[in-house]
Amino acid sequence: MSVGIGFEIRCKDVVGRIGKLTVNGKTVETPLLMPVYNPNKPLIQIKELEKRFGVGALMTNAYVILKNEQIREQALEEGIHKYLGFGGLVATDSGSFQLMTYGSVSTTNKDIIKFQEDIGSDIGSFLDIPTLPDVYKPRATEELDLTLKRSMEAVDAGFVVNAGIQGSTHLDLREKAAKEIGKNFGLCAIGGIVKLMEDYRFADLVDVIATVKKNIPTNRPVHAFGLGHPMIFPLAAALGCDLFDSAAYALYAKDMRYMTEDGTKRLENLDYLPCSCPICSKYGRELKELSREEKIKNLAAHNLYVTFRELNRVKQAIKEGSLWELVCMRSRVHPALFSALGRLKEHKEWISGLDPVTKKSPFYYTGVESMHRSEVVNALKRISQVSSENTVLMQPFGTVPAEILDIYPFGSFISPESSPIDRAGYKVNDIEKIRAIMEYQFGRGAGELIEDNFRIRKSKKTRRIRWIYKKNELIASVRASDHLIIPKEYLAKKLKKMFKYPSLRVVVDDDAVPFVSEGKSVFAKFVVDIDSSLRANDEVIVVSKEDDFLRVGTLVLSPDEALDFDRGIAVRVR
Ligand code: GUN
Ligand code: ZN
């Protein structure tokens, strides 16, 4: 792998993540949008990008700079940061976009790589070939082979390589490209997708993104090349895209197109402006009366405001655990997005392996597509571990044991059904309830660990179960937010004895044993093995390589992530 890159997950929802990305000692938060700055004819100045939009990373085009003698000489002499007057992260593209648009470029892969090194790009790219959708497969294969060959000339580049994964709409080619690029590069970019975005082929885009993501290690930040339309952010972020660049805000403005989260409008057709960004607030419908040049500038600024606004909305949704709701809501704005939502069904096994198993936000039923959400996939697997004679019909989950109605997702499930389930109507004994939750969370048989004479204490305020005692020893608590069980050492050791290695376990390297034993969190780099049926936010048992009990904690990554990442926390130990 080339120059240093650090990436860690701070927060997860669906396959999306809020991450901390460090490149060249500069740290940014993902999902990140890099506006594209065109040094020939910028519509928004760098200072404005920084001040008005808080831009900490931008993208510019090394090929454009190379071809303009005056800019080239200045950039070579001063370096790209000084030339731009920008201290943040500077990513450069290689001319691949020009290659796609004009069919050829007058530089070579080696030369453009060298040039990006010479001007001091933080993130650069090789001259990948952006093969368009539906290209005849032999040609797509040939172009991919050339892209992969060119990638090898960039492995030792003096910048972090934004390594383009191509393959058109041929998913087997995407798979091959992802495997190879994912192995050799720390930052992976999905290329050749702008046309899919422009043509609203969002379902095909889902297949391309999912195929790439499934075939690269989970610790690679993923850039969606040119995917700058806000209407696709919730879906793309939910599939695990971490970086976006937008030339679209400026290109659409030049074409008098006004972006919204719901799609694109032509400015001339707008009698009202459905936005209250500083531009729209200032001008209102008078925006249409400005000179052409002023219109373009202001449209570009509006487009960028909407773009950042939607990205912030996505980030807040990840934080809250409501990204599914946002994706479902946005899917209603256009049939093509609705079709993309339907396509997620084909990838639900993969998605449900990465999606946290319990969340802070309630599960809102938004329509038939809720059937295929990962909360349902994961719940159905776990319901099958519970034996109960007392079941309730609760769509989209089917029959749910009455004992577990209080836990996530059933307890926080909100649907438009006229008669909400009368939970109080299902009288279940508290011990039976805890036994069933144990089976649901930890596996068939786990309920036997709860003995008839265990004592249960409830919250005075809510009257819900909060603590479980064996004689006077607290052996578990029940989390108020999702009613799931948090085992203490006694119960965890019993679970460990009942379920054989590696079930319920996160296994850490010897170096981490003293720290974890003291109660310090488990860093992902120390995880050497893990039960692959666990999910993020599960309660887990941390053990040594000899399977000695160390601690109980909450897994905050998915099993694959815990193994792939070498930065950040994997288990928050209690
Ligand atoms: N910009 C938009 N799409 C692409 C792509 O596929 N590759 C590169 N390098 N830049 C792009
Ligand atoms: Zn606006």
Side-chain angles (χ1 to χ4, degrees), residues 34 36 38 52-53 59-64 91-102 105 107 109 112-113 116 121 123-133 135 140 143-144 146-147 150-151 154 161-169 174 177 181 185 187-198 205 208-209 212 222-230 243-249 251-253 257-262 264-265 267 270 272-288 295 297-310:
M34 300 183 284
V36 170
N38 182 343
R52 290 174 80 172
F53 299 94
M59 190 159 190
T60 187
N61 196 301
Y63 182 69
V64 169
T92 48
D93 202 357
S94 56
S96 293
F97 192 75
Q98 283 71 14
L99 186 61
M100 181 170 69
T101 316
Y102 308 113
V105 286
T107 182
N109 185 47
I112 199 72
I113 291 170
Q116 293 173 88
S121 293
I123 298 173
S125 44
F126 52 84
L127 199 58
D128 53 313
I129 301 171
T131 310
L132 291 173
V135 161
E143 292 184 353
L144 176 58
L146 188 52
T147 292
R150 288 180 177 179
S151 78
V161 180
N162 207 2
I165 293 168
Q166 301 290 346
S168 179
T169 32
R174 290 282 182 182
I181 295 288
F185 295 92
L187 170 59
C188 298
I190 308 177
I193 52 177
V194 173
K195 191 83 171 73
L196 291 178
M197 174 184 82
E198 287 174 349
L205 190 57
V208 169
I209 297 173
V212 168
V222 171
H223 178 181
F225 253 135
L227 209 67
H229 201 301
L243 300 163
F244 300 90
D245 68 276
S246 172
Y249 78 94
L251 297 175
Y252 281 54
R257 287 187 290 171
Y258 180 100
M259 286 176 154
T260 80
E261 297 88 342
D262 307 342
T264 314
K265 315 248 184 216
L267 182 60
L270 287 176
Y272 307 91
L273 300 185
C275 172
S276 48
C277 79
I279 303 296
C280 298
S281 305
K282 180 172 169 195
Y283 293 107
R285 68 180 89 192
E286 277 159 34
L287 185 58
K288 288 161 74 171
K295 256 196 294 222
K297 276 202 165 153
N298 283 295
L299 264 179
H302 155 82
N303 286 345
L304 201 52
Y305 275 117
V306 189
T307 308
F308 275 109
R309 183 168 70 208
E310 187 65 357

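Given the structure is predicted, the values throughout are model-derived calculations rather than measurements. Order of listing sets the numbers, starting from 1, for every ligand and every atom in it.
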Judged by atom type as modelled, is there a donor-acceptor pair below 3.5 Å linking the side chain of [X] to the main-chain atoms of [Y]?
X      : Y      : value
Asn162 : Gly124 : no
Ser281 : Ser276 : yes
Ser96  : Asp128 : yes
Tyr249 : Val306 : no

Subject >> Gly164 heavy atom under 4.0 Å from ligand 1 >> reply: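 Distance cut 4.0 Å: Gly164 fails for ligand 1.
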Nearest to [atom], what protein heavy atom do you find, and at what distance?
atom                    : result
atom 10 (N) of ligand 1 : Asp93 OD2, 2.6 Å
atom 3 (N) of ligand 1  : Phe225 CB, 3.7 Å
atom 7 (N) of ligand 1  : Asp128 OD2, 2.8 Å
atom 2 (C) of ligand 1  : Phe97 CD1, 3.5 Å

Using the Zn ion (ligand 2) as the vertex, how large is the angle between SG of Cys277 and SG of Cys280, rounded to 10 degrees?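 Between SG of Cys277 and SG of Cys280, at the Zn ion (ligand 2), the angle is about 110°.
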### Message
Please tell me whether Tyr258 and Tyr252 form a close aromatic pair, meaning their ring centres lie under 6.0 Å apart.
### Response
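No, they do not, as the ring centres are separated by 6.0 Å or more.
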If the cut-off is 4.0 Å to any non-hydrogen atom of [X], which atoms of ligand 1 fall inside it?
X      : answer
Gly192 : 5 (C), 6 (O)
Val194 : 2 (C), 3 (N)
Gly191 : 5 (C), 6 (O)

Exercise. Parallel under 30°, tilted from 30 to 60°, perpendicular over 60°: which one fits the rings of Phe185 and Phe126?
Worked result: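 Ring orientation, 0 to 90° scale: tilted.
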Have a look at His302 and say which of its N, O or S atoms is nearest the Zn ion (ligand 2).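 His302's closest N, O or S atom to the Zn ion (ligand 2) is named ND1.
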**Message:** Pairs of nitrogen or oxygen atoms closer than 3.5 Å, one from Ser125 and one from ligand 1: do any exist?
**Reply:**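 No, Ser125 has no N/O under 3.5 Å of an N/O on ligand 1.
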Take Ser125 and Asp93 through the side chain to side chain donor-acceptor pair (under 3.5 Å) test and state the conclusion after the steps.
CA-CA 6 Å; Ser125 44; Asp93 202 357; 3.0 Å; yes
Looking at CD1 of Ile112 and OG of Ser94, how far apart are the two atoms once the value is rounded to the nearest 0.5 Å?
->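 It comes to 6.5 Å.
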